[in-house]
Amino acid sequence: MDYASERKGRFVGLANKDGSTKTECGIHVAGAEQTFDRDLWEEGKVQNIASNDEALEIIKGDKEAIIAVYAPWCQFCQGMEDELTKYAESAGVPVYKFRGDEERDFVQEHLNTESFPTVNFVKSDGSVVKYDSEARSAADFANFENGMKVA
């Protein structure tokens with residue numbers, strides 16, 4: 001038996017609740033390992049947070065910000081890459097990325113993260129508010145930011 005062949009075809013003939021074909025999450029599909037060769041948001045105005053300490057500085061600072069917690073292999077993170085880049089170009093606050101798959105305990109405790117991607121608004125008082133929507137367009141992120149500033 002080949003390595004991981006027990007996973008082959010485990011979703012054959014199954015459907016999601018919405019009727020679409022059930023598929024793997026993306027980790028175990030052909031070519032998924034290639035996504036590890038490239039990080040997300042390598043160019044543009046989305047800034048990298050390189051450590052837990054740096055993330056805490058941003059959270060505990062007195063400035064507002066957006067922090068997107070992501071995993072480069074996650075198909076949903078990959079799917080929002082262009083829109084977050086577009087949003088960051090005109091955002092009224094700094095937009096950061098933080099790779100959360102390597103810091104699970106930290107992102108669960110400090111950045112409301114149970115799955116990827118998780119987008120948070122960091123308020124100037126140090127509180128962190130999770131964006132609770134699957135809508136991930138540049139306009140959606142801008143509306144979230146504006147809503148946080150009004151609240």
Side-chain angles (χ1 to χ4, degrees), residues 3-4 6-7 10-11 14 16-18 20 22-89 91-151:
Y3 174 76
E6 71 276 3
R7 300 184 66 80
R10 72 180 182 152
F11 293 129
L14 298 178
N16 293 314
K17 290 179 184 179
D18 65 0
S20 61
K22 191 165 189 80
T23 61
E24 288 280 1
C25 65
I27 300 173
H28 304 288
V29 295
E33 68 282 352
Q34 294 172 359
T35 63
F36 290 109
D37 293 338
R38 177 184 80 80
D39 198 10
L40 304 180
W41 302 288
E42 291 181 309
E43 297 178 8
K45 293 201 175 202
V46 178
Q47 302 171 55
N48 186 47
I49 298 174
S51 69
N52 295 353
D53 288 339
E54 188 178 345
L56 286 173
E57 284 179 29
I58 294 165
I59 293 167
K60 295 180 186 210
D62 59 356
K63 296 184 178 156
E64 297 174 332
I66 292 283
I67 300 177
V69 182
Y70 74 101
W73 46 261
C74 169
Q75 65 182 343
F76 303 108
C77 298
Q78 293 169 8
M80 76 173 210
E81 187 174 17
D82 291 341
E83 290 298 313
L84 190 68
T85 298
K86 193 183 313 178
Y87 162 67
E89 294 298 319
V93 297
V95 178
Y96 297 97
K97 65 176 184 170
F98 186 71
R99 184 167 177 177
D101 62 329
E102 296 176 336
E103 300 291 344
R104 288 269 191 177
D105 292 337
F106 178 84
V107 296
Q108 285 176 340
E109 181 180 348
H110 297 284
L111 291 167
N112 303 311
T113 303
E114 294 298 324
S115 63
F116 305 113
T118 298
V119 177
N120 291 287
F121 186 87
V122 177
K123 293 185 168 190
S124 58
D125 65 3
S127 60
V128 179
V129 180
K130 181 179 179 178
Y131 175 64
D132 271 331
S133 176
E134 298 293 318
R136 297 184 182 119
S137 72
D140 295 319
F141 294 135
N143 288 337
F144 175 57
E145 174 192 337
N146 293 332
M148 289 292 100
K149 289 181 174 188
V150 171

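No hydrogens, no waters, no symmetry mates; every other heavy atom, side chains included, goes into these values. Bear in mind that the values here come from a model prediction, so they are computed numbers and not experimental data.
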Of all the heavy-atom pairs spanning [X] and [Y], show the shortest one and how long it is.
| X | Y | answer |
| --- | --- | --- |
| C77 | F116 | SG-CB, 3.6 Å |
| S124 | E64 | N-CG, 3.8 Å |
| E145 | V93 | OE2-N, 3.8 Å |
| N120 | K130 | OD1-CA, 3.4 Å |
| A135 | D140 | CB-OD2, 3.2 Å |
| R38 | P72 | O-CB, 4.0 Å |

Is it true that R99 and D39 make a salt bridge, defined as a side-chain N closer than 4.0 Å to a carboxylate O?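 Result for this pair is no, no salt bridge flagged.
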
Salt bridge between K86 and E89, side-chain N to carboxylate O under 4.0 Å?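 Answer for the salt bridge query: no.
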
Worked check of side-chain contact (heavy atoms from CB on, under 4.5 Å) between M148 and V129: CA-CA 8 Å; M148 289 292 100; V129 180; 3.7 Å; yes

Rounded at 0.5 Å granularity, tell me how far [atom1] in [X] sits from [atom2] in [Y].
| X | Y | atom1 | atom2 | answer |
| --- | --- | --- | --- | --- |
| Q47 | I66 | CD | CD1 | 12.5 Å |
| Y96 | E54 | OH | CD | 7.5 Å |
| T118 | Q108 | OG1 | CD | 10.0 Å |
| W73 | Q78 | CH2 | CD | 10.0 Å |
| I67 | I49 | CD1 | CD1 | 4.0 Å |
| T85 | E42 | OG1 | CD | 10.5 Å |

Would the distance check show the side chain of E81 and the main-chain N or O of W41 forming a donor-acceptor pair, the cut-off being under 3.5 Å?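 Pair found, side chain donor or acceptor close to backbone of W41.
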
Can you tell me if T113 uses its side chain to pair, donor with acceptor, with the backbone of L111 under 3.5 Å?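 Here the side-chain-to-backbone pair exists.
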
Side-chain heavy-atom pair [X], [Y] within 4.5 angstrom cut-off:
| X | Y | answer |
| --- | --- | --- |
| R136 | V119 | no |
| I59 | H110 | yes |
| P94 | K63 | no |

Applying side chain to side chain contact (heavy atoms under 4.5 Å, CB included), name anything that partners N52, two or more places apart in sequence or on another chain.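 With neighbours one apart ignored, the set is F98, E103, F106.
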
Under the side chain to side chain contact (heavy atoms under 4.5 Å, CB included) test, residues paired with E109 that sit two or more places apart: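 Side chain to side chain contact (heavy atoms under 4.5 Å, CB included) list for E109, sorted by chain: empty.
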
More than 12 foreign heavy atoms under 6.0 Å from CG of D82: is that the case here?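 Open.
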
Between S51 and D53, is there a side-chain donor-acceptor contact under 3.5 Å, judged purely by atom types and distance?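 There is no such pair between these side chains.
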
Considering residues at least two apart in sequence or located in another chain, which fulfil the ring pair (Phe, Tyr, Trp, His ring centres under 6.0 Å) criterion with F144?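 Ring pair (Phe, Tyr, Trp, His ring centres under 6.0 Å) check on F144 returns Y131.
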
